[in-house]
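The structure appears below as structure tokens.
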Amino acid sequence: MTGTTQEVALKVVTWNVNSVRTRLDRLLAFLEREDADIVCLQELKASEDRFPSEAIEAAGYHFAINGQKTYNGVAVLSKSEPREISCGMDDSDWDDQARLLGVTVDGVRVYSAYFPNGGSIGSDKWEFKLGWIRRLKQYLADHHDPGDKLLVCGDSNVAIADSDVANPKRWADTVLFAEAARAALKDLMDWGLIDVFGKLNPDGGIYSWWDYRQLAFPKGDGLRIDHILATEPMAQLASEARVDRDERKGKQPSDHAPVIVTFDLS
DNA sequence: ATGGTTGCTTAGCAA
């Protein structure tokens, strides 16, 4: 940080990297460029022993990981040392899928969450998705208070509003935008979570994911399905929110772009 | 268009 003021900002990122090893060069360049304080990653597609620990640490970050071979996998990178690390929802035998990781950093409870995609509507994966979102709400209710400083950052695999979908009519009957999925996410947020990006960019039209197929990115056929959800004490500190759309361009991009929110803590 | 592209793992699954 430059300048002479003493403001204390916390820059938080969420990014579904779709394989941390394939995306390592991009990730390291991003860390260098953005100098974020907290970076929540999803879809590592790597177990802990294949996570690029040395490169992350050399970039100046601590990390906590809930890894998994081939599928899923989440991590939190942080400038400050993470405390009270928790993997999964510790309430059942459903947690064979590595989709949730919690850490406490700089006095803020931060979760990196990779919500289930849901396959197709009506499938077992669809029911798992809706149930997983309900379980996450229960987990938050059991462990935290809406008055805490808390963030749920991740790929929610649900778009909230019509303005978060380039073509809402065409996506209306898909797992990413079906009414039941939107209702499940709304019910989770009703516990006490605010979409700070939506709050700061109320006009919408900004997306975080574009399908690899059918030229979705050049056509602008995107959805905002990556969210930084904040409790009220955190949401009121959010000052800027953007998507690093350039990360979807060029060679070997993830299908998701990073979402970046700055909180003014002082 | 029950299509299409990418990644992990090696033909099929998941997204």
Side-chain angles (χ1 to χ4, degrees), chain A residues 14-30 40-53 55 65-75 88 94-101 112-133 136 153-160 164-167 169-178 180-182 184-185 207-227 243-259:
Chain A
T14 187
W15 189 11
N16 179 325
V17 289
N18 186 17
S19 172
V20 70
R21 285 169 290 162
T22 294
R23 228 63 66 197
L24 183 58
D25 288 349
R26 275 185 180 265
L27 175 60
L28 295 174
F30 177 85
C40 297
L41 302 176
Q42 300 87 37
E43 272 206 274
L44 303 176
K45 297 186 173 179
S47 50
E48 183 161 7
D49 59 303
R50 302 198 68 181
F51 184 78
S53 312
I65 174 172
N66 181 5
Q68 184 178 336
K69 184 183 176 183
T70 310
Y71 303 118
N72 310 312
V74 291
W94 289 30
D95 278 335
D96 52 326
Q97 298 186 24
R99 294 183 176 277
L100 189 70
L101 174 71
S112 181
Y114 177 45
F115 290 42
N117 172 280
S120 56
I121 290 176
S123 66
D124 289 348
K125 288 193 178 74
W126 171 246
E127 295 303 327
F128 179 75
K129 176 180 192 168
L130 300 178
W132 193 92
I133 298 171
L136 179 57
C153 307
D155 174 4
S156 65
N157 268 313
V158 181
I160 293 173
D164 298 323
V165 182
N167 192 335
K169 283 180 183 164
R170 196 156 47 69
W171 287 90
D173 295 325
T174 71
V175 292
L176 301 182
F177 201 48
R182 299 170 68 184
L185 182 58
Y207 313 121
S208 66
W209 173 84
W210 301 259
D211 200 298
Y212 281 129
R213 296 166 289 189
Q214 319 224 185
L215 299 172
F217 183 67
K219 287 179 182 171
D221 185 16
L223 291 82
R224 190 168 67 88
I225 57 175
D226 299 271
H227 298 296
V243 169
D244 186 357
R245 204 168 168 282
D246 289 343
E247 272 301 338
R248 185 62 176 78
K249 302 176 181 174
K251 189 181 165 193
Q252 277 196 301
S254 170
D255 45 353
H256 296 255
V259 176

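Chain identifiers are assigned alphabetically (A, B, ...) following the order of the sequence lines, protein sequences preceding nucleic acid strands; residue numbering begins at 1 within each chain.
A heavy-atom distance below 4.5 Å is found between the side chains of S112(A) and Q42(A).
Atom CD in Q214(A) sits about 7 Å away from atom C1' in dG3(B), given to the nearest Å. Whole-Å rounding puts the L44(A) CG to dA14(B) P distance at 19 Å. Going from atom CZ of R170(A) over to atom C1' of dG4(B) covers 13 Å, rounded to whole Å. A straight line from CD1 of I121(A) to P of dT2(B) spans 16 Å, rounded to a whole angstrom. Per the geometry, CH2 belonging to W210(A) stands 19 Å off C1' belonging to dG4(B), to the nearest Å. Taking atom CD of residue Q42(A) and atom P of nucleotide dG7(B), one finds them 17 Å apart after rounding to whole Å. Per the geometry, NE2 belonging to H256(A) stands 13 Å off C1' belonging to dG7(B), to the nearest Å. Separating the CG atom of N16(A) from the C1' atom of dG7(B) is a distance of 12 Å, rounded to the nearest angstrom.
Ranking dT5(B), dC13(B), dT9(B) by closeness to the Y212(A) side chain, first place goes to dT5(B). Of the candidate nucleotides dG7(B), dT9(B), dT5(B), dT9(B) has the atom nearest to the side chain of K69(A). Distance from the side chain of N18(A) is smallest for dG7(B) among the nucleotides dG7(B), dA15(B), dG4(B). Distances were taken from every side-chain heavy atom of E43(A) (C-beta onward) to each of dG7(B), dT9(B), dA15(B); the shortest belongs to dA15(B). Listed candidates were dG7(B), dA15(B), dT9(B). Nearest to the side chain of R21(A) is dT9(B). Here the nucleotide nearest the side chain of S19(A), chosen from dC8(B), dA14(B), dT5(B), is dC8(B). Here dC8(B) is the nucleotide among dC8(B), dT5(B), dG7(B) with the atom lying nearest to any side-chain atom of T70(A). For R50(A), taking side-chain heavy atoms from C-beta onward, the closest of the listed nucleotides dA15(B), dT9(B), dC13(B) is dT9(B).
Nucleotides dT9(B) and dG3(B), compared at atom C1', are 24 Å apart to the nearest Å. Taking atom P on both nucleotides, dG12(B) is separated from dA1(B) by 28 Å, rounded to a whole Å. Comparing the C1' positions of dA11(B) and dT6(B) gives a spacing of 15 Å, expressed to the nearest Å.
Nearest-nucleotide positions on DNA chain B for V20(A) and Y71(A) put V20(A) closer to the 5' end.
Note on Y114(A): only backbone sugar-phosphate atoms sit closer than 4.0 angstrom, heavy atoms only; bases stay farther off. Among the heavy atoms of the strands, none lies under 4.0 Å from R248(A).
In this structure, D155(A) and I225(A) approach most closely via the heavy-atom pair OD1-O, 3.6 Å. The shortest heavy-atom contact between A257(A) and W210(A) is CB-CZ3, 3.9 Å.
Distances shown here put every side-chain N or O of R213(A) at or beyond 4.0 Å from the OP1 or OP2 atom of dG7(B). Between R23(A) and dG7(B) there is a side-chain N or O to OP1 or OP2 distance below 4.0 Å. Note on T22(A): every side-chain N or O is 4.0 Å or more away from OP1 and OP2 of dG7(B).
Taking the ring axis of Y207(A) as reference, the NZ or CZ atom of R224(A) does not stay both within 45° of it and closer than 6.0 Å to the ring centre.
N18(A) and K45(A) form a side-chain donor-acceptor contact under 3.5 Å, judged by distance and modelled atom types alone.
Among residues two or more places apart in sequence or in another chain, the side-chain hydrogen bond (donor to acceptor under 3.5 Å, both in side chains) test is passed with D49(A) by S47(A).
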